[in-house]
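Order of the sequence lines fixes the chain letters, A, B, ..., with proteins taken first and strands second; residue numbering starts at 1 for each chain.
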There are 2 protein chains.
Amino acid sequence: MEDGTSPSLSYRGDTDDGYDVRQWDVREDCEVRQILDRIADKWSLLVIALLDQRSLRFTELRRQVDGISQRMLARTLRHLERDGLVSRTVHPSVPPRVDYALTPLGATLHETIRALVTWTETHQQEIAAARAAYDVRAAAEQRQADEEAAARTALARAVLERGGPGQAQDVAGRVPR
Amino acid sequence: MEDGTSPSLSYRGDTDDGYDVRQWDVREDCEVRQILDRIADKWSLLVIALLDQRSLRFTELRRQVDGISQRMLARTLRHLERDGLVSRTVHPSVPPRVDYALTPLGATLHETIRALVTWTETHQQEIAAARAAYDVRAAAEQRQADEEAAARTALARAVLERGGPGQAQDVAGRVPR
DNA sequence: CGGTATCCCCTAAGATACTG
DNA sequence: CAGTATCTTAGGGGATACCG
């Protein structure tokens, strides 16, 4: 069966401080969360985007997405169909032909998603810059930490060699912390 | 190190049919995909939503989200920080205090996400209905299949008992394809 | 063609313990 | 308090094989 819907999660956080922060946050564990998970999933978005252009058959989708396994495409499509986002039409012919199309509901979702993609495209540069800056900072801190560790090791060695901590005053001054 | 950025995925689908379907689809494998994955991730959304109200400390977030592990919160926050969506401020005091807040960039993202959440809330009913309908259909088809299987089994048994397929004409008429 | 069933691997994420 | 390090396990997802 492989289930398909996760077992609720439920992050209630019943903080009794009277302060009702969170507006839609609390309800996320019931419906919103699941739908978000669906559209956030690796393949759903691609399929929705592709179907927005025109309806497609199973194999056409398989080829267009390229990288998706038959299993995952079938799974994705069944999920989307179940949620009423995609319609499945079987043509009784030989060889069999099955068409998938976006439902009106699916189309409105695609519109909404577009906004998100647009946001991403708009701020792509800022994000890239932020990442670069972060990575530089992180690398610097790492180097710093390494140096301090090396200094501590040197101090320890010095202490051991000279036979006591009293003799290490001169080197201790140069060690951080 | 645990990496943090997935190894590119690359679903190119170089269909040389000249028909250039897909507008933003193709670019998804580079930047958009990653950012979408980030914001779509299980915890990021919650954290962003929470921080939109006011800045919070690590433990406050931990309590509010309730269900998140220390590990995942730390990870989520570092990701968000790296992407420039959340700022981290360390107050050099004892006990140590670290505040997390949404950056302006993070705030704009929160606005965009709101649209999605609104969509979900608006269409919640439709989706629930679609799921219910699907499940009913699926159950019906399952029952159908079971009955046919049972019929086939009965036919097979009848054939074996009577000693030949020629004797099974009467029952064969009642068995679906 | 359009799937489902099966096996199997690998990583994301929870639990736990330790550090500054 | 605010994390990091380490171990372990569930399940997401690919490969393969087979049905209608």
Side-chain angles (χ1 to χ4, degrees), chain A residues 1-7 9-11 37-38 40-44 46-47 55-63 65-81 86 88-100 138 141-142 144-145 148-149 152 176-177, chain B residues 1-7 9-11 37-38 40-44 46-47 55-63 65-81 86 88-100 138 141-142 144-146 148-149 152 175-177:
Chain A
M1 202 19 112
E2 240 190 290
D3 109 305
T5 335
S6 40
L9 298 172
S10 97
Y11 13 88
D37 281 351
R38 179 111 324 142
D41 134 285
K42 200 174 172 185
W43 307 113
S44 297
L46 273 302
V47 171
S55 82
L56 293 168
R57 319 175 44 170
F58 188 89
T59 315
E60 285 179 316
L61 277 168
R62 185 153 168 42
R63 261 195 296 272
V65 176
D66 165 289
I68 195 172
S69 64
Q70 209 171 17
R71 184 182 188 275
M72 288 321 290
L73 180 55
R75 243 169 102 63
T76 302
L77 285 171
R78 257 178 292 111
H79 286 328
L80 292 174
E81 189 195 355
V86 157
R88 191 184 111 114
T89 329
V90 184
H91 301 280
S93 59
V94 179
R97 178 194 180 95
V98 179
D99 277 326
Y100 291 93
E141 279 166 27
Q142 186 56 49
Q144 182 89 13
E148 293 180 11
R152 267 194 298 278
R177 268 284 305 151
Chain B
M1 215 351 129
E2 243 191 289
D3 107 306
T5 336
S6 40
L9 298 172
S10 96
Y11 14 87
D37 281 351
R38 178 111 325 141
D41 134 285
K42 198 173 172 184
W43 307 114
S44 298
L46 273 302
V47 171
S55 82
L56 293 168
R57 325 175 38 169
F58 189 89
T59 314
E60 285 179 316
L61 277 169
R62 185 151 168 42
R63 262 195 295 272
V65 175
D66 165 290
I68 195 172
S69 63
Q70 210 170 18
R71 184 181 188 277
M72 287 323 288
L73 179 55
R75 243 170 105 62
T76 302
L77 285 171
R78 257 178 293 110
H79 285 329
L80 291 174
E81 189 196 354
V86 157
R88 191 184 111 114
T89 329
V90 183
H91 301 280
S93 60
V94 179
R97 178 194 180 93
V98 179
D99 278 326
Y100 291 94
E141 279 167 27
Q142 186 56 49
Q144 182 88 14
D146 287 349
E148 293 181 10
R152 266 194 299 277
V175 173
R177 261 298 299 150

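Taking only side-chain atoms of A:Phe58, from C-beta outward, the nucleotide of D:dG3, D:dA2, C:dG3 with the closest atom is C:dG3. Residue B:Arg71 places its side chain closer to C:dA13 than to any other of C:dA13, C:dG3, D:dG14. For B:Gln70, the side-chain atoms get nearest to D:dT4 when compared with the rest of C:dT4, D:dT4, C:dG2. Closest approach to the A:Arg75 side chain among D:dG12, C:dA13, C:dG3 is made by D:dG12 (side chain taken as heavy atoms from C-beta onward).
In this entry the distance linking CD of B:Glu141 with C1' of D:dG20 reads 14 Å, nearest Å. Rounded to whole Å, the distance from CZ on B:Arg38 to P on C:dA12 is 11 Å. As a whole-Å value, the separation of B:Ile68 CD1 from C:dA12 C1' is 13 Å.
Mapping B:Arg57 and A:Met72 onto DNA chain D via the closest heavy atom, the residue that lands nearer the 5' end is B:Arg57. Comparing B:Ala74 and A:Ser69 against DNA chain D, the residue whose closest nucleotide sits nearer the 5' end is B:Ala74.
If you check every strand for non-hydrogen atoms under 4.0 Å, B:Arg62 touches nothing.
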**Request:** Go through the steps to decide whether B:Arg88 and B:Leu77 satisfy the test side chain to side chain contact (heavy atoms under 4.5 Å, CB included), and finish with yes or no.
**Result:** CA-CA 9 Å; B:Arg88 191 184 111 114; B:Leu77 285 171; over 6 Å; no
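Residues B:Arg38 and B:Ser44 come closest through the heavy atom pair O-OG, 3.1 Å.
A distance of 12.5 Å separates CG of B:Leu61 from CD of B:Gln70, quoted to the nearest 0.5 Å. Considering CZ of A:Arg75 and OG of A:Ser69, their distance stands at 10.0 Å, rounded to 0.5 Å. Within the model, atoms CD1 of B:Ile68 and OG1 of B:Thr76 stand 4.5 Å from one another, a figure rounded to the nearest 0.5 Å. Between atom CG of residue B:Leu73 and atom CZ of residue B:Arg63 there is a gap of 12.0 Å, rounded to the nearest 0.5 Å.
Phosphate proximity of D:dC1 to B:Tyr100: absent, as no side-chain N or O sits under 4.0 Å from OP1 or OP2. Contact between the side-chain N/O atoms of B:Thr59 and the OP1/OP2 oxygens of D:dA2 is found at a separation under 4.0 Å.
Within a heavy-atom distance below 4.0 Å of DNA chain D, the residues of residues 91-98 of chain B found are B:Pro95, B:Pro96, B:Arg97, B:Val98.
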